[in-house]
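When reading the values below, keep in mind they use all heavy atoms of this one structure, side chains included, and skip hydrogens, waters and symmetry mates.
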2 protein chains.
Amino acid sequence: MSIQRQPRPATQADVAREVGVSRTLVSFAFRDAAGVSPETRQAIFDAAKRLGYRHNAAAAALASKSRTAVGLYLLDLRNEVYSDVLNGVRLALPQAGNRLILSVSRSIGGVDQGAMDSLIEARVGIIIAAALLDPDERVRELAQIIPVVSVTRRVEGVDSVYPDDRAGARAAVEHLLGLGHTRIAHMAGPPFDGHTVRRETYEQMMRDAGLTPQTAAADDFTQEAAERAASELLAGPDRPTAVFTHNDQFALGVREAAYAMGLTIPGDLSLVGYDDSRTARLRGIDLTSVDLHAVELGTTAGRVALERLNDPGGPIADMTSTPRLVVRNSTAPLR
Amino acid sequence: MSIQRQPRPATQADVAREVGVSRTLVSFAFRDAAGVSPETRQAIFDAAKRLGYRHNAAAAALASKSRTAVGLYLLDLRNEVYSDVLNGVRLALPQAGNRLILSVSRSIGGVDQGAMDSLIEARVGIIIAAALLDPDERVRELAQIIPVVSVTRRVEGVDSVYPDDRAGARAAVEHLLGLGHTRIAHMAGPPFDGHTVRRETYEQMMRDAGLTPQTAAADDFTQEAAERAASELLAGPDRPTAVFTHNDQFALGVREAAYAMGLTIPGDLSLVGYDDSRTARLRGIDLTSVDLHAVELGTTAGRVALERLNDPGGPIADMTSTPRLVVRNSTAPLR
DNA sequence: GTGAAAGCGCTAACAA
DNA sequence: TTGTTAGCGCTTTCAC
């Protein structure tokens, strides 16, 4: 047995011929533009179905002057935040209207440099980018070529939809301080532009409280990197009694490292994550975490993108939301 | 401040004019086809960069007769298996060569009927589909229109790359039987074509062992659905002492339901999942699970797709791999 | 309501 | 190694 395929895909011209109208009409009917009588319209749809006609996105994109497709760039699918953003974006885009083109940067081996290019080459009208790792300046350069909406990160001069990380980090650190902890460490990620607010806020708060900040940095945004960094951090002198991590993935890494050393949570170590992922909510994990409402951020970003498409010259959007600390059982008063 | 954009994107014609060669040459240079001298080639790249030229994928797709783009259809990003498949597929596709176009079916609300259409309309040459919910017959119909590689599910007459679920389920059930359990239940998903092998194997094995199968079916492929179904299952008479679930997501749902009822795992209930997700490996979760090697399945599927693209008439691929039971602490001997 | 005609930017023969 | 010439299937004025 072998694979069958139609000899030649039907085109709008075929449909037009079948119905006995012009190709223009068929084109209009499929974009339900005004100017097609209901009967003609129905006849066109019927014929299209009969002929197995499929709209050709490439041809349409080429012919149309306006770009309506939305590109969504995601850093990493293994972090729930990004799939939540995807879900949020989809909620914002009308069912039938704007096409959504996905591009995921991180494969197992590392960041895919071509992920952004593929979006540009697909000639999307705008790119919603979740957690770009490029410096602010380069994001602005990109936005010069094609409109960009940055999600979960603020970039000056570029439409941005992001959580108020200052408030989120403050809530986390205050929670730990309130429990009596003084040796509170922070597990940060690599120091990319726009990904350091949580760290800075933590360090500032520690100093304000008359304490010494102790920041460990994972060399990658993965659970494994955090686990490695945490193994060192927790083995050092004056082991921290609490750790606030850049995200939940990191918190899980710290958690594994802690358990591997025989420490208990929250007995020996209080742990606060960031994202409030579904994993954080599992019994037995019960991670205290900061909910940044990723789905809502995605929805807002989608809306901002739609507005930008309609009004290229409009004012830059700068939309923040306030994250919420969700206290579970990974934090406890200092003994 | 407002968004800037270039007046008119540069085309190959612009580049050709700038360099003083023909447009053909530019086209050749960008596809690094033979017939362009190294100097010309370099001059073209320089000019392209200077002019901000970007290859237009839509135009290229329209003009080229052969379809080389690979479409990847994923059921649900919230299930780790599918993002693993994505990662696997990417490993198989050459860096620069075939474009990969992603389409995700399940948003928060449910299955996106348009997900498959968007791939067809993007005129991909082949679709790698992970966990289609359509009946076998409809998958075959689809494969008539466009080549399909089915991953994680076998479809007769269609290229398929899938785990030997019979072996996987057998290993799971044997493990539980070996621990002395007799009241072993199964948490199945909705009875879609191609997603019932695990259930059938379980039921057959139970009967072979002289035991009565007890299958509960979640009404959706989500943790929440499994949790609801498990709440009923575990509240019934003759509560099972062990549950084998269709996947890890379900196992987590059963786990939550069990804990909510005050049951302990593995004390009161042994639990075996399927997928060996990263969550299963976390301390405190320690879920015994069947590893189906999703990344490898994805890579194999990518390779099969590439072969099919090169040889449309070749024999149907039917590739299985053997899953491996990973025993952790969610299972224990019957007390 | 409907149709004719002019491309969109690129690839792919073929010819030189 | 280079240039010429047709389209690919669709959108989109503009006229009827």
Side-chain angles (χ1 to χ4, degrees), chain A residues 6-44 47-48 51-69 97-99 118 120-125, chain B residues 6-44 47-48 51-69 97-99 118 120-125:
Chain A
Q6 294 192 337
R8 187 183 62 83
T11 69
Q12 289 190 341
D14 296 325
V15 177
R17 200 174 309 118
E18 172 91 359
V19 181
V21 296
S22 76
R23 299 146 77 218
T24 313
L25 229 16
V26 178
S27 173
F28 274 46
F30 274 99
R31 287 173 292 142
D32 52 34
V36 187
S37 68
E39 302 82 48
T40 311
R41 187 192 176 66
Q42 193 53 50
I44 289 173
L51 266 43
Y53 166 76
R54 289 300 195 142
H55 191 252
N56 186 328
L62 182 57
S64 113
K65 308 300 296 176
S66 59
R67 312 199 177 303
T68 58
N98 310 63
R99 288 202 310 140
S118 79
I120 296 175
E121 287 172 8
R123 289 295 196 272
V124 296
Chain B
Q6 294 193 334
R8 187 181 65 83
T11 69
Q12 289 189 342
D14 296 323
V15 177
R17 201 174 308 120
E18 173 91 359
V19 181
V21 295
S22 75
R23 300 148 73 217
T24 312
L25 228 17
V26 179
S27 174
F28 273 47
F30 275 99
R31 286 173 292 146
D32 52 35
V36 188
S37 68
E39 303 83 46
T40 312
R41 188 191 175 66
Q42 193 53 50
I44 288 173
L51 266 43
Y53 166 76
R54 289 300 196 139
H55 191 252
N56 186 329
L62 182 58
S64 102
K65 305 302 295 177
S66 59
R67 312 200 177 302
T68 58
N98 310 62
R99 290 200 309 141
S118 78
I120 296 175
E121 287 171 9
R123 289 297 195 270
V124 296

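- By the side chain to side chain contact (heavy atoms under 4.5 Å, CB included) test, A:Ser64 pairs with A:Ser66, sequence neighbours left out.
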For residues 33-41 of chain B, dump all side-chain donor-acceptor pairs below 3.5 Å to protein atoms at least two apart in sequence or in another chain.
| from | atom 1 | to | atom 2 | distance (Å) |
| --- | --- | --- | --- | --- |
| B:Ser37 | OG | B:Thr40 | N | 3.3 |
| B:Ser37 | OG | B:Thr40 | OG1 | 2.4 |

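- With sequence neighbours left out, the side chain to side chain contact (heavy atoms under 4.5 Å, CB included) criterion links B:Ala43 to B:Val19.
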#### Entry: Evaluation steps, side chain to side chain contact (heavy atoms under 4.5 Å, CB included), between A:Arg23 and A:Arg17
CA-CA 8 Å; A:Arg23 299 146 77 218; A:Arg17 200 174 309 118; over 6 Å; no

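- Where DNA chain D meets chain B (any atom under 4.0 Å from a heavy atom), the bounding nucleotides read 5' to 3' are D:dT1 to D:dG9.
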### Message
At under 4.0 Å between heavy atoms, how does the protein contact nucleotides 8-16 of chain C? Give one character per nucleotide, 5' to 3', with B, S or -.
### Response
BBBBBB---

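- OP1 or OP2 of C:dA4 has not a single side-chain nitrogen or oxygen of A:Ser22 nearer than 4.0 Å.
- Under the ring pair (Phe, Tyr, Trp, His ring centres under 6.0 Å) criterion, B:Phe30 pairs with B:Phe45, B:Tyr53, not counting sequence neighbours.
- For B:Ser118, the side chain to side chain contact (heavy atoms under 4.5 Å, CB included) partners at least two apart in sequence or on another chain are B:Ser103.
- In this structure A:Ala57 satisfies the side chain to side chain contact (heavy atoms under 4.5 Å, CB included) test together with A:Arg99, B:Glu121, sequence neighbours excluded.
- Taking the side-chain hydrogen bond (donor to acceptor under 3.5 Å, both in side chains) definition, one finds that A:Thr24 meets it with nothing, sequence neighbours left out.
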